[in-house]
Amino acid sequence: QVQLVDAGGGLVQAGGSLRLSCAASGDSITRYTMGWFRQAPGKEREFVARMSRNSVTYYADSVKGRFTISRDNAKNTVYLQMDSLKSEDTAVYYCAASGRFMHGRNVYTRPNDYDYWGQGTQVTVSS
């Protein structure tokens with residue numbers, strides 16, 4: 001069982017950058033598909049990005065070209081680099097891990113596809 005701790009959120013101006021981190025313990029992140037989700041007030045949790053066990057990445061259209069998911073296996077940590085931030089990126093961001101094996105283009109894009117979650121970190125983008 002893996003435990004996840006999210007960090008790196010904060011207040012940033014539109015056009016700025018932030019890097020979120022997700023430190024894992026209890027198991028290696030290479031055994032999981034790792035994902036990032038976000039939830040704005042009054043909205044459902046939505047998919048942002050994911051990285052498969054073999055490092056294939058996939059992004060939501062709303063963040064493609066601006067956000068980058070990566071991982072450092074030695075540090076057992078996943079990152080989300082967020083550039084060109086917009087006010088609509090304001091949300092609580094959550095890291096998640098899935099131990100399941102699923103196939104298809106849109107898999108691992110739903111919260112129910114994931115088994116473990118970080119506590120979330122607030123990102124606020126001021127316009």
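Residue numbers run from 1 in the order of the sequence given.
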Test side chain to side chain donor-acceptor pair (under 3.5 Å) applied to [X] - qualifying residues, sequence neighbours left out:
X: R110; value: D113
X: N73; value: R71
X: N112; value: none
X: S52; value: N54

Main-chain N/O of R31 paired with R53 side-chain donor or acceptor, under 3.5 Å: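 At least one qualifying donor-acceptor pair exists.
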
Short side-chain to backbone donor-acceptor contact, T90 and E88, under 3.5 Å: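 Here the side-chain-to-backbone pair does not exist.
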
Do [X] and [Y] sit in the same hydrophobic cluster, where Ile, Leu, Val, Met, Phe, Trp and Tyr count as joined when their side-chain heavy atoms come under 4.5 Å apart?
X: Y116; Y: M34; value: yes
X: F47; Y: L80; value: no
X: Y108; Y: F67; value: no
X: L20; Y: V92; value: no

pair [X]-[Y]: side-chain heavy atoms closer than 4.5 Å:
X: Q119; Y: V5; value: yes
X: Y93; Y: D6; value: no
X: S17; Y: M82; value: no
X: D89; Y: V123; value: no
X: Y32; Y: D27; value: yes

Cluster companions of Y79 among Ile, Leu, Val, Met, Phe, Trp, Tyr (side-chain spacing under 4.5 Å):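 Joined to Y79, directly or through intermediates: none.
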
Run the salt bridge (Lys or Arg N to Asp or Glu O under 4.0 Å) test against [X] and tell me which residues pass, sequence neighbours left out.
X: D83; answer: none
X: R100; answer: D115
X: E46; answer: R38

Calculate, to the nearest 0.5 Å, the distance between atoms [atom1] and [atom2] belonging to [X] and [Y] respectively.
X: S21; Y: Q81; atom1: OG; atom2: CD; answer: 11.5 Å
X: K86; Y: S127; atom1: NZ; atom2: OG; answer: 13.5 Å
X: L4; Y: S25; atom1: CG; atom2: OG; answer: 7.5 Å

Any residue meeting ring-ring contact (aromatic ring centres under 6.0 Å, His included) with Y114, in chain and number order, not counting sequence neighbours: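 Applying ring-ring contact (aromatic ring centres under 6.0 Å, His included) to Y114 gives F37.
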
Residues that Y94 engages under ring-ring contact (aromatic ring centres under 6.0 Å, His included), provided they are two or more places apart: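 With neighbours one apart ignored, the set is empty.
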
Taking all heavy atoms of [X] and all of [Y], pick out the closest pair and write down the distance.
X: A91; Y: A40; result: CB-N, 3.8 Å
X: S126; Y: L11; result: CB-CD1, 4.3 Å
X: V2; Y: A97; result: CG1-CB, 4.0 Å

Presence of salt bridge, K64 and D61, under 4.0 angstrom: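 Judged by the 4.0 Å cut-off on N to carboxylate O distance, D61 and K64 do form a salt bridge.
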
Residue list, side-chain contact (heavy atoms from CB on, under 4.5 Å) with T57, at least two apart or on another chain: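 With neighbours one apart ignored, the set is M51, Y59, I69.
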
side-chain contact (heavy atoms from CB on, under 4.5 Å) involving N76 - partner list, sequence neighbours excluded: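 Per chain and number, N76 pairs via side-chain contact (heavy atoms from CB on, under 4.5 Å) with A24, S28, I29.
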
